[in-house]
Amino acid sequence: MYTTTNLLELKENAKRKLSPQVWDYIEGGAESESTLQTNAEAFTKLSFTPRVLQDTSTVSTKITLFGGELDIPLLLAPVSPLRLVSEEAEIPQVVAAHRTGIIPVVSGNSHFSLEYLAKQSNGEKWFQLYAYANMDWVLEIVQRVEHAGYRAIVITVDAIHHARRERSLRSGFTMPAHVKMGNFEQCGTVPEKRRDGSYQMFPLTWSDIALIKERTNIPVLIKGIMHPNDVKLALDYGVDGIVISNHGGRQLDYATSPINQLPIISKIVAQTIPLIVDGGIMRGSDIAKAISLGASAVLLGRGYVYGLALDGVEGVVKSIELIRNEYSAYLKQLGVSSTEELSELINLQ
Ligand SMILES: Cc1cc2nc3c(=O)[nH]c(=O)nc-3n(C[C@H](O)[C@H](O)[C@H](O)COP(=O)(O)O)c2cc1C
């Protein structure tokens with residue numbers, strides 16, 4: 001058994017358990033890993049001015065997003081392939097999220113099919129879409145997602161091109177044969193493979209987003225927006241939510257950090273649609289910082305993969321509980337009794 005008091009310790013335990021090659025695949029970032037480092041460091045530069053003599057005997061961490069309730073303002077990020085760290089792949093992500101009252105965003109590159117994963121819990125689930133092949137292929141997936149009962153679609157737009165992840169280049173990492181693309185089997189068209197073995201992406205543009213919006217009744221969010229001009233376009237195209245993200249530092253080296261972009265983007269969006277932020281979240285205080293700066297919620301990426309690698313469903317539950325308990329205790333220390341009260345306490349340098 002492992003004893004851990006926080007996600008950083010859980011990470012050390014996961015590192016000891018996984019092979020160096022798999023560890024480097026999960027942990028690594030693009031090129032010099034400057035973005036990866038910036039994501040984590042940006043949180044350490046933010047601080048709060050707490051309130052006192054407030055009644056914090058009970059604290060409510062709950063929020064609602066598109067009508068669904070979450071126990072804390074946290075969702076489990078789409079990560080693939082989870083089969084690399086656990087035979088059960090995405091199943092523990094889905095089951096643990098339901099058990100702890102939060103929402104999993106299932107990766108479009110999942111090992112198991114989206115229909116199979118939809119049946120693994122009665123809880124609310126969101127689906128993350130990667131565009132492959134052509135628009136017919138994309139619209140077929142959108143229809144399957146809605147039919148399977150997912151409550152939102154998150155379209156990832158920052159990973160069209162293959163990134164140079166040097167840790168994986170050095171270790172000669174190749175995808176093991178037991179990792180599958182579970183959603184491809186039922187598709188009419190099978191996307192073409194690139195020379196490196198990955199699949200050819202379809203380069204979406206804003207008009208394709210408009211078409212997807214037209215064809216579905218569930219909220220459509222865009223993941224990977226960082227630039228204010230793209231935020232304005234997202235609003236013009238009627239996108240239902242934005243995930244401010246640099247893909248956990250895995251795509252563009254020297255990309256700025258999502259938490260640094262949040263105040264600028266929050267001002268533009270002016271609470272018209274939910275803003276979700278990710279990248280480097282490891283502490284309850286990181287969640288509080290994001291909410292204070294205008295986010296509705298955050299995504300936890302690697303933080304739950306560590307738990308998954310160590311102990312399947314129980315491990316993911318452990319990851320969520322560690323950060324949830326920190327968040328709840330942190331609100332009390334700040335002198336606020338609910339997530340909504342968090343604004344106006346943060347100090348911006
Ligand atoms: C190993 C790994 C695989 C990922 N796979 C996906 C994916 O399939 N789809 C996606 O939209 N984002 C993917 N991401 C990005 C995450 O959704 C998220 O943006 C990022 O992990 C957040 O940063 P954090 O790991 O510091 O929490 C992946 C990230 C990692 C670390």
Side-chain angles (χ1 to χ4, degrees), residues 7-8 10-11 14-15 18 21-30 33 35-43 74-86 89-90 93 103-112 114 117 126-132 141 152-160 162-163 165 167-168 173 175 179-184 198-199 201 204 221-226 242-252 255 257-259 261 276-283 286-287 290 295 297-309 316 319-320 323:
L7 284 180
L8 296 155
L10 205 69
K11 172 175 170 172
K15 183 176 181 182
L18 294 171
Q21 254 202 346
V22 168
W23 177 253
D24 280 341
Y25 181 84
I26 300 293
E27 207 50 27
E33 300 193 340
T35 303
L36 185 66
Q37 219 179 322
T38 309
N39 281 357
E41 279 172 9
F43 280 100
L74 176 100
L75 297 91
L76 299 184
V79 172
S80 64
L82 289 176
R83 177 87 160 180
L84 270 185
V85 304
S86 161
E90 303 80 22
Q93 178 200 9
I103 296 174
V105 187
V106 175
S107 171
N109 285 356
S110 56
H111 174 79
F112 294 108
L114 65 95
L117 290 169
W126 293 7
F127 179 84
Q128 175 265 320
L129 176 82
Y130 274 134
Y132 290 106
I141 293 273
I153 296 185
V154 180
I155 307 174
T156 298
V157 295
D158 61 359
I160 309 292
H162 200 68
R165 298 185 193 136
R167 291 197 209 194
S168 289
F173 177 83
M175 208 49 82
V179 174
K180 304 263 184 272
M181 296 287 259
N183 293 321
F184 284 14
S198 62
Y199 288 89
M201 292 250 171
L204 289 175
L221 295 89
I222 309 269
K223 175 172 181 277
I225 286 187
M226 295 283 282
I242 290 173
V243 183
I244 311 169
S245 174
N246 59 26
H247 216 97
R250 293 167 76 77
Q251 288 299 120
L252 175 71
S257 76
I259 194 76
Q261 284 304 92
I276 298 174
V277 69
D278 78 8
I281 294 195
M282 291 289 275
R283 286 278 189 193
D286 297 338
I287 305 176
V298 303
L299 295 184
L300 181 68
R302 294 177 181 86
Y304 81 88
V305 180
Y306 305 140
L308 173 67
V316 181
S319 292
I320 299 164
I323 200 162

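Note that these values count all heavy atoms, side chains included, but never hydrogens, waters or copies made by symmetry. Sequence positions, counted from 1, serve as the residue numbers for this chain. Order of listing sets the numbers, starting from 1, for every ligand and every atom in it. Since we're looking at a predicted model, the values are computed, not measured.
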What are the two closest non-hydrogen atoms of Pro258 and Asp278, and how far apart are they? CG-O, 3.0 Å
Between the side chains of Asn183 and Tyr130, does any donor sit under 3.5 Å from an acceptor? no
Electrostatic pair Glu27-Lys15, nearest N-O below 4.0 angstrom: no
Under a 3.5 Å threshold, yes or no: a donor from one side chain and an acceptor from the other, between Gln37 and Glu41? yes
Protein residues near ligand 1, heavy-atom distance below 4.0 Å? Ile26, Ala77, Pro78, Val79, Ser80, Ser107, Gln128, Tyr130, Thr156, Lys223, Ser245, His247, Gly248, Arg250, Asp278, Gly279, Gly280, Gly301, Arg302
Kindly assign one of parallel, tilted or perpendicular to the pair Tyr132 and Phe184, based on the angle between their ring planes and the thresholds 30° and 60°. perpendicular
In Å and rounded to the nearest 0.5 Å, what is the CG to CE distance from Leu84 to Met175? 5.5 Å
